[in-house]
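Here is the structure we will look at, set down as structure tokens.
Remember, predicted model here, so these are calculated numbers, not experimental data. Every number for a ligand or one of its atoms is a count from 1 in the order of the listing. Note that these values count all heavy atoms, side chains included, but never hydrogens, waters or copies made by symmetry.
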Amino acid sequence: MSPAVNNCTQSCLFCWRYQGLLETSIPEEDEPEDILQGAIEGQRKLITGYKGDPRTKPGMWEESANPNMVACSLSGEPTMYSRLGEFFEACHRRDMTTFLVTNGTLPEVLERLDPLPRQLYVTVAAPNEEIYRKLCVPLQKDGWSRLNKTLELLPSLGTRTVVRHTLVEGWNVGWEKEYAKLDEKANPLFIEPKGYVFVGYSRERMHNDNMPSQDRIMDFSKKLAEETGRGVLAEQRASRVTLIGADRSRMRIRGE
Ligand code: SF4
């Protein structure tokens, strides 16, 4: 879900959302509790039809109707919602796990965010400013230095941190040494190279062959792991994603 559906500080070419609105602020904000309750009700509405399907296990349906995890991602830049801390507080009060995915252009928000989400993702979709400007199309003049400030801030934040590299073939795959420098600045718990997917409105700006193959993502991941002195811990081929980290004991892998 997202508390900022149409609002963002970038216009990434690989973004799947509709970008015609270009809202760089949220003029009217909803109450944090209303957003959370609305998201849960929306989830219940979404899964209603599955209850009568004989393939659906009743226990699993109940579990889905009572979600215990909130991921602020999906669309827009969630840190533009000025009451994000209150929103996380509402989630934690209900014993829900919280994930936040941010483009990192609002370091001042992350600096004072209280409470922090249980896991914080920062997307770094460019190895340098030139590619960042062309691919992520920042709407702030100093977008790149803001992102770098966020990366510098990351080690001081008391939560699990992840740097995500969204990889777009023909645009930003490679430059492992440059990515490694950015990753070292942030020193995250995990690095997640993830392939761009040709869906939604991004199809108006990208092509099918901008999706990197899993072999290409793995090749990038191995080189990046070497540059950062880490290892490739896991991969999920169907999602075209890998996980790089230093310490296997700090993560739980499904099935282990
Ligand atoms: S930062 Fe996220 S929501 Fe904003 S344009 Fe880029 S991909 Fe889309």
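Side-chain contact check for E235 and Q214: at least one donor-acceptor pair (N or O, by modelled atom type) lies under 3.5 Å. When only modelled atom types and interatomic distance are considered, D215 and S213 share no side-chain donor-acceptor pair under 3.5 Å.
Ligand-side atoms of ligand 1 in range of C8: 1 (S), 3 (S), 4 (Fe), 5 (S), range being under 4.0 angstrom from any heavy atom. Atoms of ligand 1 lying under 4.0 Å from at least one heavy atom of N103, given by number and element, are 1 (S). Those atoms of ligand 1 that come under 4.0 Å of a heavy atom in R17, given as number and element, are 3 (S), 5 (S), 8 (Fe). Within ligand 1, counting atoms from 1 as listed, the ones closer than 4.0 Å to a heavy atom of G76 are 3 (S).
Ring geometry, Y121 versus F99: the interplanar angle falls from 30° to 60°, so the pair is classed tilted. Ring pair Y81/F87 is perpendicular by interplanar angle, where above 60° counts as perpendicular and below 30° as parallel. In this structure, F198 and Y196 have perpendicular ring planes: the angle between them is above 60°, well past the 30° mark.
Note: Y201 and W16 fail the aromatic proximity criterion, with ring centroids not under 6.0 Å apart.
Using a 4.0 Å heavy-atom cutoff, E77 is absent from the residues neighbouring ligand 1.
For a distance bound of 2.8 Å, the N, O or S atoms of C15 include none lying that close to atom 6 (Fe) of ligand 1.
Under the 4.0 Å distance rule, the nearest protein heavy atom to atom 7 (S) of ligand 1 falls inside the cut-off.
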